[in-house]
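A quick write-up on the structure given underneath.
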Amino acid sequence: MVSASETSARGAASALWVSTFAFTACFAVWTIFSIIGVQIKADLGLSEAQFGLLVGTPILTGSLVRVFLGVWTEQFGGRRVNLIVMALAAAATFLLSYAQTYTEFLFAALGVGMAGGAFAVGVAYVSKFYPAGKQGTALGIFGAGNVGAAVTKFAAPFVMLALGWESVAQIWAGALLVVALLFFVLTRDEPQLIERRRTGQKPVATWMQLAPLKDLRVWRFSLYYFFVFGGFVALALWLPHYLTGAYGVGIGVAGMLAAAYSIPGSLFRVFGGWLSDRIGARKVMYLTFAISVVCAFILSYPATSYVVDGIDGPIRFRIAMSLPVFTAVVFVLGFAMSLGKAAVYKHIPVYYPDHVGSVGGLVGMIGGLGGFILPIAFGALNDLTGVWTSCFMLLFLLVLTALVWMHFAVRRMERRRSPMLSTLPEFPELAGIGPDKAAAASPLRSN
């Protein structure tokens with residue numbers, strides 16, 4: 001007989017699938033500047049750094065509000081909070097179409113960023129309907145709403161070329177408002193919220209919800225998410241511009257090719273959640289970081305021309321990544337990031353079951369800040385170095401740092417749980433050779 005704690009709550013399916021659809025719409029709006037920003041950059045004559053700030057500003061808002069939205073979801077319920085968030089984002093996106101100066105665009109972008117806050121709401125909301133053994137898969141499916149970035153890349157270039165970037169903003173705003181209303185109508189409140197209303201119990205105070213944020217482990221998870229999600233968002237915003245500049249393709253082609261990164265970076269998150277439930281989130285994180293280190297290193301190598309002094313004179317050759325190879329490697333990087341995004345959020349309901357909103361909000365905030373900081377850093381590195389691949393050099397250093405920190409943290413945990421591990425030789429096959437021989441023999445003499 002299956003216990004109640006192992007079964008999903010009533011309304012779980014609608015909560016999951018409708019939330020995923022709503023988050024897809026939010027993500028499409030949240031990354032709208034990845035396409036219309038290219039035209040705005042040309043119209044206003046923006047520098048690389050100014051463009052990076054413009055595309056990153058919505059990410060800033062969507063990141064900073066996540067902690068509080070997660071807490072408010074725990075207190076007031078995901079349906080009401082998500083409806084308000086999506087309605088505000090839709091209004092800001094519509095008003096964006098009337099901006100004319102760079103300053104006005106930045107202010108409008110701050111409002112558009114509210115759409116990104118829907119992630120913290122959805123994580124806290126959806127997780128309440130599922131037991132621990134199914135939360136990885138459920139949150140992986142919800143997180144696949146990142147595919148909204150690909151929706152924008154596929155559709156927005158054609159709308160923009162046919163009707164102008166202003167129409168993109170207006171259409172996306174109208175669609176988001178409709179989806180917000182559908183979400184509210186088709187879902188039901190969380191079981192815990194319904195129970196609190198029945199018993200008259202008050203929600204947990206905000207300061208108590210924020211208490212786990214003092215735990216260093218939360219900040220380590222945040223660094224992981226800074227790369228797997230922040231890096232994903234940053235590249236989702238940056239790649240259309242990168243492709244038009246580095247490879248000279250048009251915005252339509254750039255949007256289609258960039259979707260080759262966004263789609264696996266979103267849809268395979270479902271597989272990452274399922275895999276985390278089956279083999280454990282830690283193994284999935286190791287896999288994510290190992291693949292990402294290799295991909296980021298390959299992508300960071302700039303096109304280079306060489307001249308070698310040969311026997312019969314100079315020998316000239318060039319090493320450069322072709323567009324098909326670049327697209328393939330970026331696809332693999334997106335796949336690895338998708339696994340990691342799911343694995344990070346598999347940890348949170350397990351370690352902090354009563355604080356999913358606040359912890360998930362903080363981790364999401366730090367990850368989202370990566371989507372804000374990294375495009376600005378990409379633009380600044382372009383201005384400073386004049387090398388297109390400098391963005392991937394930065395990502396390589398970031399993922400390498402995360403991998404090293406995770407590995408040493410895991411080793412420390414293993415030693416605490418099994419103190420005898422610290423006495424084992426680093427190379428067991430060499431035990432009994434040289435100085436280790438006396439150490440190995442001493443216990444025998446004492447017996």
Side-chain angles (χ1 to χ4, degrees), residues 1-28 69-70 72-87 115 117-148 150-151 175-198 263 266-278 281 284 338-339 341-350 353-354 356-357 360-361 364:
M1 181 176 179
V2 180
S3 65
S5 62
E6 297 175 346
T7 59
S8 303
R10 179 186 173 191
S14 61
L16 173 60
W17 294 106
V18 178
S19 293
T20 302
F21 180 65
F23 181 50
T24 301
C26 287
F27 215 90
L69 290 177
W72 291 337
T73 300
E74 297 277 3
Q75 294 176 331
F76 307 114
R79 290 175 68 241
R80 283 187 288 180
V81 175
N82 213 28
L83 176 64
I84 294 171
V85 167
M86 295 176 72
F119 177 74
V121 179
V123 167
Y125 175 69
V126 171
S127 65
K128 301 299 183 185
F129 288 88
Y130 290 90
K134 297 180 179 180
Q135 285 174 341
T137 303
L139 294 180
I141 293 172
F142 169 74
N146 290 165
V147 78
V151 173
L176 184 61
L177 184 59
V178 171
V179 173
L181 296 174
L182 288 174
F183 168 81
F184 190 77
V185 171
L186 297 177
T187 55
R188 70 193 310 265
D189 289 326
E190 304 93 312
Q192 293 85 343
L193 181 63
I194 295 174
E195 181 64 18
R196 282 209 314 265
R197 288 173 180 166
R198 187 184 67 82
I263 290 176
S266 305
L267 297 182
F268 283 114
R269 186 167 181 162
V270 179
F271 175 67
W274 176 86
L275 195 63
S276 297
D277 282 339
R278 295 300 182 274
V284 176
S338 70
L339 300 184
K341 285 184 286 186
V344 170
Y345 268 89
K346 167 64 177 177
H347 287 87
I348 294 172
V350 175
D354 299 323
V356 176

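Computed from a predicted structure; not experimentally measured.
- Here the shortest heavy-atom pairing between G78 and V121 reads O-CG1, 3.7 Å.
- In terms of heavy-atom proximity, A124 sits nearest to T73 at CB-CG2, 3.8 Å.
- Shortest non-hydrogen contact noted between R79 and T187 is NE-O, 3.0 Å.
- To the nearest 0.5 Å, atom CG of residue L186 and atom CZ of residue F21 are 10.0 Å apart.
- If you take CG on L182 and CG on L177, they are separated by 10.0 Å, rounding to the nearest 0.5 Å.
- Between atom CG of residue L339 and atom CG of residue L275 there is a gap of 6.5 Å, rounded to the nearest 0.5 Å.
- Shown here are the side-chain contact (heavy atoms from CB on, under 4.5 Å) partners of A15, two or more places apart in sequence or in another chain: Y125, F129.
- The two residues V81 and W72 make their nearest non-hydrogen contact at CG2-O, 3.9 Å.
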Derivation and outcome, side chain to side chain contact (heavy atoms under 4.5 Å, CB included), residues S276 and V284: CA-CA 6 Å; S276 297; V284 176; 3.8 Å; yes

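- In this structure, the side chains of N82 and F23 stay at 4.5 Å or more apart for every pair of heavy atoms.
- Between atom SG of residue C26 and atom CZ of residue F119 there is a gap of 12.0 Å, rounded to the nearest 0.5 Å.
- Counting all heavy atoms, side chain and backbone alike, F142 lies closest to G122 at CZ-CA, 3.4 Å.
- Taking the side chain as every heavy atom from C-beta outward, F183 and L83 never approach each other to under 4.5 Å.
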